[in-house]
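Structure, as structure tokens:
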There are 2 protein chains.
Amino acid sequence: MLSQSIEDYLKTIYEVESSEGKVSTSALSEKLGVSPASVTSMVKKLSERKLITHKRYQGVKLTPAGRKIALEIIRHHRLVELYLKEALGVPWDQVHQEAEKWEHVLSEDLEDRIDKFLGYPVTDPHGSPIPRRDGTMIVRQCSALVDVEPETLVKVVEVSDHDPELLRYLGGIGLYPETEMTVISKQPFKGPIIIELTGKEYPIGRNAAKYIMVEEAKN
Amino acid sequence: MLSQSIEDYLKTIYEVESSEGKVSTSALSEKLGVSPASVTSMVKKLSERKLITHKRYQGVKLTPAGRKIALEIIRHHRLVELYLKEALGVPWDQVHQEAEKWEHVLSEDLEDRIDKFLGYPVTDPHGSPIPRRDGTMIVRQCSALVDVEPETLVKVVEVSDHDPELLRYLGGIGLYPETEMTVISKQPFKGPIIIELTGKEYPIGRNAAKYIMVEEAKN
DNA sequence: AAATTATTTTAGTCTTGCCTAAATTCTTTT
DNA sequence: AAAAGAATTTAGGCAAGACTAAAATAATTT
């Protein structure tokens, strides 16, 4: 059995690896809310257990074994998120923090029951793909809303779950995964991006727009 | 926030207090699967926090504050047991071990949602009463099956959840809380108790019969 | 290239919750 | 009432996982 701490590290390493490529001690320190020194010592332990590889001063990489575990945890997390929303009506801005705790206590049996209950879903409430049980995951090609040219019809693929406030705002205007919308304009001087959705226009800050992933919709 | 360990201690103290009256270090040591010395040191800590009172060599007692917490944990445990059975079809002999983990990670919000989903239930799948949110609990008057005189019609009130094997056996013969059955005879020399249930007769070992609580049914 | 700054690692501590072995205290038996 | 036995507590340690402060290394600026 792995400790909750180890599971959190592996999950976070996977996430940083996907979003930033390189996984530095300081990045982990920041994401995990733990001192850099603590990261160094845990990194040492994970290396000894062959869950990651590490070269001093050069960041870490998951081994296949480590990646498998990371994806199991992420699978738990995303299944739980969707389950809480579907079965218990938990609002989508709250599912993340609940799932942070549940992901560590989900048995295989319960995982299967939840998976079945949900009809073997492929994405969570934020549009993130749910890893399959065998440790594979289908990643959809998409770009950040902030990088899209104006006058493009796009479909929302995924929204970051890290900021509940953003999620509440987006939910409020009806912006969910699979929603189609048009990018109207990008205001100058780092101003907001204006989108049109169900006939109305809304501003989205550039920063927020980094966390909204979209794909071009065929017209 | 209380550690999982502290929550387990308080819950166990409550349970031993109810079933045995006195709560000795060794009883806790046994139930918690921990050395007596470890119990002593945790007891010291819980006393300092005013969650229990303790007189050297004389056992411990919950304070009102400690009892409140114990009942919250037990409420979580029992709600989760019932939820897993009702919502996800987990067999009644497995819900206990799952709930042992979930009870520690259930938020107030989720507790309420589950409670509502279940229609504000008053007992768990084993017939144990679910404590109310205010820390009160209704205890039903009942006696152990092993103490019932033959030729009595009884109704099952509660079955201990500590032994999955027993639960599977009982489930197999259709013996659940609220089931009515007749005690036919008690075989001599500590032999089994014979009960009749839906027209068939079944033997129940004396030891098992200690863990089946019943009340006299009005004929 | 040297100096400054930023990142990472080492060294040494702390807390929690467990352990074993030994000492104490209570209980029961003789 | 003394001895034997059982239960409890004390003493001293260990592992996990965090911390701070200081040292080492890398990266950037001058």
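Because the structure is a prediction, the values reported are computed rather than measured. So that the names make sense, note that chain A is the first sequence line, chain B the second, and so on, each numbered from 1.
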Hey, does T40(A) reach any base, or is it just sugar-phosphate, or nothing, if we go heavy atoms under 4.0 Å?
base

Between E20(A) (CD) and dT7(C) (P), how many Å, whole number?
13 Å

Between P on dA18(D) and NZ on K44(A), what's the gap in Å once rounded to a whole number?
15 Å

Can you tell me how far P of dT7(C) sits from NZ of K22(A), to the nearest Å?
10 Å

Starting at NZ of K45(A) and ending at P of dA15(D), how long is that distance when rounded to a whole Å?
11 Å

Calculate the interatomic distance between M42(A) atom CE and dA15(D) atom C1'; express it in whole Å.
12 Å

Measuring to OP1 and OP2 of dG17(C), would you say a side-chain N or O of S3(B) lies under 4.0 angstrom away?
yes

If you take atom types as modelled and just measure distance, does the side chain of Y57(B) reach the base of dT24(C) with a donor-acceptor pair under 3.5 Å?
yes

So what does S38(B) hit on the nucleic acid, given a heavy-atom distance under 4.0 Å: a base, only sugar-phosphate, or nothing?
base

Assign S26(A) to base, sugar-phosphate, or nothing according to its heavy-atom contacts below 4.0 angstrom with the strands shown.
sugar-phosphate

Hey, does the side chain of H54(A) come within less than 4.0 Å of dT8(C)'s phosphate (OP1/OP2), counting only N and O?
no

Heavy atoms under 4.0 Å, any strand shown: does S35(A) hit a base, just sugar-phosphate, or nothing?
base

Taking only side-chain N and O atoms of Y9(A), does any of them lie within less than 4.0 angstrom of OP1 or OP2 on dA16(D)?
no

note: R56(B), atom CZ; dT10(D), atom P; distance rounded to Å ~ 5 Å

Please confirm whether H96(A) and H126(A) have ring centers closer than 6.0 angstrom.
no

Take E15(B) and K31(B), measure what salt bridge (charged side-chain N to carboxylate O under 4.0 Å, His left out) needs, and give me the verdict at the end.
CA-CA 10 Å; E15(B) 286 166 355; K31(B) 299 263 178 188; over 6 Å; no

Take the protein atom CD of Q4(A) and the nucleotide atom C1' of dT16(C), then report the distance between them rounded to whole Å.
15 Å

Note: for G33(B) and R49(B) on DNA chain C, the residue whose nearest nucleotide lies more 5' is R49(B)

In terms of the angle between their ring planes, are Y83(A) and Y83(B) parallel, tilted or perpendicular, with boundaries placed at 30° and 60°?
perpendicular

Taking any heavy-atom pair under 4.0 Å as a contact, classify S41(A): base, sugar-phosphate, or nothing.
nothing

Looking only at heavy atoms, the pair that brings H54(B) and G59(B) closest together is CD2-O, 3.4 Å

Check whether the side chains of D134(A) and T136(A) place a donor and an acceptor atom closer than 3.5 Å, and report yes or no.
yes

